[in-house]
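All values derive from a computational prediction rather than experimental measurement. Atoms considered below: every heavy atom in the structure, side chains included; atoms not considered: hydrogens, waters and symmetry mates.
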Amino acid sequence: MADSACRNSWWGGKILGDYELNIPLYIDTALTALPFVYIGYLVKEYEVLARVSVMPKNKRITLMLLVFVIGFILDYFFGQGASMVNNMQPSASRFYGCGVVGSLSVLALSNMIGKLPLVSFVGRHSILVLCTQMYLINLFVKLTNRFFGSLGYYPASLLVLLLVCVSYYALVPLVNRYVPWIIGEKK
């Protein structure tokens with residue numbers, strides 16, 4: 001029954017998206033996203049991630065890299081034109097396939113980089129990151145464009161990302177000392 005409900009919800013969302021009919025509160029987009037919830041339920045029901053976590057570390061890392069590369073290739077070649085914002089998707093298999101492999105890629109990448117000191121430091125202070133990231137991104141984009149305007153989009157974006165991450169090494173101690181209530185700490 002859940003299979004048919006998810007399939008029908010996708011068709012409802014697709015039809016609404018194809019005819020550009022937007023329902024208030026993004027219900028049309030929710031109909032399109034419901035199969036992702038069901039796919040997540042199936043992954044949990046069949047313990048897919050638990051089975052991966054008990055694999056030997058070298059096989060797990062190889063699998064994670066493989067999923068990441070496959071996800072990138074699928075998204076690059078087949079994921080174009082899909083948008084949850086506009087509720088438009090070219091086909092169900094491409095849309096949901098790229099979405100699931102993309103989600104698994106993000107999980108794999110998170111698992112791989114979670115042990116890095118910079119990432120764990122920023123992760124422990126994620127509320128501060130959430131509160132200040134756009135201000136820092138806008139500041140570093142302006143500075144990067146001014147001083148390194150000829151870098152190109154991708155190198156400039158990587159430089160901004162690096163500058164934002166590194167700036168938290170200075171920002172976190174300042175916030176902890178002068179305004180700790182911003183990140184839920186007591187003075």
Do [X] and [Y] sit in one hydrophobic cluster, given that two such residues count as connected whenever their side-chain heavy atoms are within less than 4.5 Å of each other, even indirectly?
X: Val141; Y: Leu151; value: yes
X: Met134; Y: Val172; value: yes
X: Phe148; Y: Leu158; value: no
X: Val129; Y: Trp181; value: yes

Any residue meeting side-chain contact (heavy atoms from CB on, under 4.5 Å) with [X], in chain and number order, not counting sequence neighbours:
X: Ile15; result: Tyr19
X: Pro56; result: Asn58, Lys59
X: Leu63; result: Val52, Met55, Val67

Original post:
Given Ile137, which of Leu161, Val164, Leu163 fulfils the side chain to side chain contact (heavy atoms under 4.5 Å, CB included) condition?
Top reply: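 With Ile137 as partner, side chain to side chain contact (heavy atoms under 4.5 Å, CB included) holds for just one option, Val164.
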Subject >> Which residues share a side-chain hydrogen bond (donor to acceptor under 3.5 Å, both in side chains) with Glu20, sequence neighbours left out >> reply: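 side-chain hydrogen bond (donor to acceptor under 3.5 Å, both in side chains) list for Glu20, sorted by chain: empty.
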**OP:** Any side-chain hydrogen bond (donor to acceptor under 3.5 Å, both in side chains) involving residues 130-149? Give me the pairs, sequence neighbours left out, ordered by first then second residue.
**Re:**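 For residues 130-149: Thr132-Tyr168.
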Original post:
Hydrophobic clusters join Ile, Leu, Val, Met, Phe, Trp and Tyr when side-chain heavy atoms are under 4.5 Å apart, directly or via other members; which others share one with Tyr154?
Top reply: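 Noted: Tyr154 shares its cluster with Tyr153.
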Original post:
Atom OG in Ser157, atom CZ in Phe140: separation rounded to 0.5 Å?
Top reply: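 The OG atom of Ser157 sits 14.5 Å away from the CZ atom of Phe140.
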Original post:
Less than 4.5 Å apart, any side-chain heavy atom of Leu16 and any of Leu31?
Top reply: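 They are in contact (side-chain heavy atoms under 4.5 Å apart), so the answer is yes.
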**OP:** Please assess Leu136 against Leu171 for the test side chain to side chain contact (heavy atoms under 4.5 Å, CB included), listing each intermediate value before the final yes or no.
**Re:** CA-CA 11 Å; Leu136 290 174; Leu171 190 60; 4.2 Å; yes
